Amino acid sequence: MKIVCIGRNYTDHIAELKNERPDEPVVFIKPDSSILPPELDFYIPEFSNDIHYEVEVLVKIKRVGKHIDEKFAYKYYDEIGLGIDFTARDLQAKLKEKGLPWEKAKGFDGSAVIGKWLQKSELNALNSLQFSLMKNGIEVQKGNTELMLWKIDELIAYVSRFFMLKKGDVLFTGTPAGVGKVTANDYLVGILEGYEMFDVTVK
Ligand code: ZN
């Protein structure tokens with residue numbers, strides 16, 4: 001399986017990183033080796049001194065599709081989740097400066113936290129899902145999918161023009177404002193529509 005991630009999908013986060021508002025979604029891939037096995041702690045990798053959390057709504061693809069029409073995109077997923085796109089911000093800044101790919105900063109081992117899954121039928125309108133990230137009991141990120149520049153179905157249509165989507169693939173839909181650094185012993189909890197979706201201890 002692959003993980004397809006969207007960058008710069010929330011205006012407030014674009015502003016905090018002083019990025020330009022993109023004309024099209026920013027897309028990158030994390031390898032399956034980036035998934036943090038559930039129940040394992042996240043270890044800060046030795047190559048970075050600035051690992052950031054990015055809480056994101058996730059979509060699990062349930063069947064093969066390419067060139068998916070936006071109006072049929074809903075047929076390609078039943079499950080919605082929440083996760084973290086851990087990012088080595090210092091390394092990413094260096095790579096960006098040189099115009100190089102981000103993979104090392106985004107796809108390293110353990111960089112993808114994938115929490116539990118909810119059936120979309122259990123949720124209210126997918127375009128107004130509330131989610132948040134708590135760090136050591138304090139809310140550090142809060143988002144709502146209504147603030148996405150590109151909504152879930154638009155993202156599926158867009159991504160599937162370039163990458164065939166397969167059963168089990170996971171889409172990370174981008175992070176809202178409030179990204180920040182983790183340090184050893186931080187405890188992160190992700191909440192989607194009142195459901196606790198994951199918890200991670202940083203080592
Ligand atoms: Zn992200």
Side-chain angles (χ1 to χ4, degrees), residues 1-10 13 17 19 22 24-68 73 76-117 133 141 150 152 155-175 179 181-182 186 188 190 197-203:
M1 59 82 76
K2 61 186 171 295
I3 299 171
V4 183
C5 301
I6 306 300
R8 302 178 197 169
N9 198 23
Y10 287 83
H13 174 60
L17 291 188
N19 283 319
E24 292 181 69
V26 174
V27 179
F28 58 95
I29 303 273
K30 284 178 188 270
D32 58 3
S33 49
S34 69
I35 297 170
L36 184 68
E39 310 313 321
L40 282 198
D41 296 329
F42 173 77
Y43 281 82
I44 295 174
E46 96 295 330
F47 54 77
S48 175
N49 292 311
D50 195 21
I51 296 288
H52 278 200
Y53 49 77
E54 296 189 352
V55 71
E56 311 200 2
V57 170
L58 313 183
V59 180
K60 193 195 276 184
I61 300 299
K62 70 166 184 177
R63 60 190 179 104
V64 172
K66 60 194 292 185
H67 296 285
I68 298 166
Y76 289 80
Y77 61 96
D78 284 332
E79 291 174 284
I80 302 291
L82 195 71
I84 297 178
D85 167 22
F86 277 122
T87 303
R89 197 69 74 201
D90 43 359
L91 182 52
Q92 187 193 27
K94 279 187 202 156
L95 295 168
K96 265 187 188 173
E97 202 178 296
K98 294 181 183 164
L100 294 171
W102 295 355
E103 270 76 5
K104 287 188 289 182
K106 285 283 197 181
F108 57 88
D109 293 350
S111 64
V113 173
I114 297 178
K116 67 179 186 185
W117 295 98
L133 184 73
Q141 280 193 279
W150 291 279
I152 291 171
L155 291 173
I156 287 175
Y158 182 80
V159 164
S160 71
R161 287 167 52 194
F162 303 91
F163 305 110
M164 182 196 294
L165 293 175
K166 292 181 163 182
K167 185 177 179 183
D169 287 349
V170 174
L171 179 67
F172 274 61
T173 61
T175 194
V179 301
K181 186 175 176 172
V182 289
D186 280 346
L188 304 169
M197 303 295 282
F198 61 79
D199 68 319
V200 187
T201 300
V202 177
K203 296 275 174 139

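These numbers come from a predicted model, not from an experiment.
- Separating the CD1 atom in Ile114 from the CD1 atom in Ile35 is a distance of 4.0 Å, to the nearest 0.5 Å.
- Classification of Asp78 and Lys62 as a salt-bridged pair holds, one side-chain N sitting under 4.0 Å from a carboxylate O.
- A distance-only check finds a donor-acceptor pair linking the side chain of Lys181 to the backbone of Asn49 [under 3.5 Å].
- The aromatic rings of Phe108 and Phe47 sit perpendicular, their planes meeting at an angle over 60°, well past the 30° parallel limit.
- Scanning all heavy atoms of the two residues, the minimum distance from Ser160 to Gly65 falls at CB-O, 4.2 Å.
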Discussion item. Side chain to side chain contact (heavy atoms under 4.5 Å, CB included), that's the test. Do Ile80 and Val59 meet it? Break it down for me.
Written reply: CA-CA 5 Å; Ile80 302 291; Val59 180; 4.1 Å; yes
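- Under a 3.5 Å cut-off, the side chain of Gln141 and the backbone N or O of Val55 do form a donor-acceptor pair.
- Dense packing is recorded around NZ of Lys96, with more than 12 heavy atoms of other residues, nucleotides or ligands lying under 6.0 Å away.
- Heavy atoms only, all atoms of each residue included: Ile6 and Pro25 are closest at CG2-CB, 4.3 Å.
- For the pair Thr173 and Tyr10, the tightest heavy-atom approach, listed with the atom from each and the gap, is O-CE1, 4.2 Å.
- For Phe28, the ring pair (Phe, Tyr, Trp, His ring centres under 6.0 Å) criterion is met by Trp102, not counting sequence neighbours.
- When atom types are taken as modelled, the side chain of Glu56 and the backbone of Gly83 share no donor-acceptor pair closer than 3.5 angstrom.
- At distances below 3.5 Å, at least one donor-acceptor pair connects side-chain atoms of Ser111 with backbone N or O atoms of Lys106.
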Worksheet item: What do the steps show when you test Lys60 against Tyr77 for side chain to side chain contact (heavy atoms under 4.5 Å, CB included), and what is the final call?
Response: CA-CA 6 Å; Lys60 193 195 276 184; Tyr77 61 96; 6.0 Å; no
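- Across all their heavy atoms, Arg8 and Pro22 have their closest contact at O-CG, 3.8 Å.
- The shortest non-hydrogen separation linking Ile44 to Val182 is CD1-O, 3.9 Å.
- Side-chain contact check for Phe163 versus Val27: some heavy-atom pair is nearer than 4.5 Å.
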Practice prompt. Check the pair Ile3 / Asp85 against side chain to side chain contact (heavy atoms under 4.5 Å, CB included), numbers first and verdict last.
Written response: CA-CA 10 Å; Ile3 299 171; Asp85 167 22; over 6 Å; no
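- Within a 6.0 Å radius of CE in Met1, more than 12 heavy atoms belonging to other residues, nucleotides or ligands are found.
- Checked against side chain to side chain donor-acceptor pair (under 3.5 Å), Lys2 has the following partners two or more places apart in sequence or in another chain: Asp169.
- Across Phe198 and Leu82, no two heavy atoms sit closer than the pair CD2-O, 3.4 Å.
- Proximity of a side-chain donor or acceptor of Thr87 to a complementary backbone N or O of Arg89 within less than 3.5 Å is not detected.
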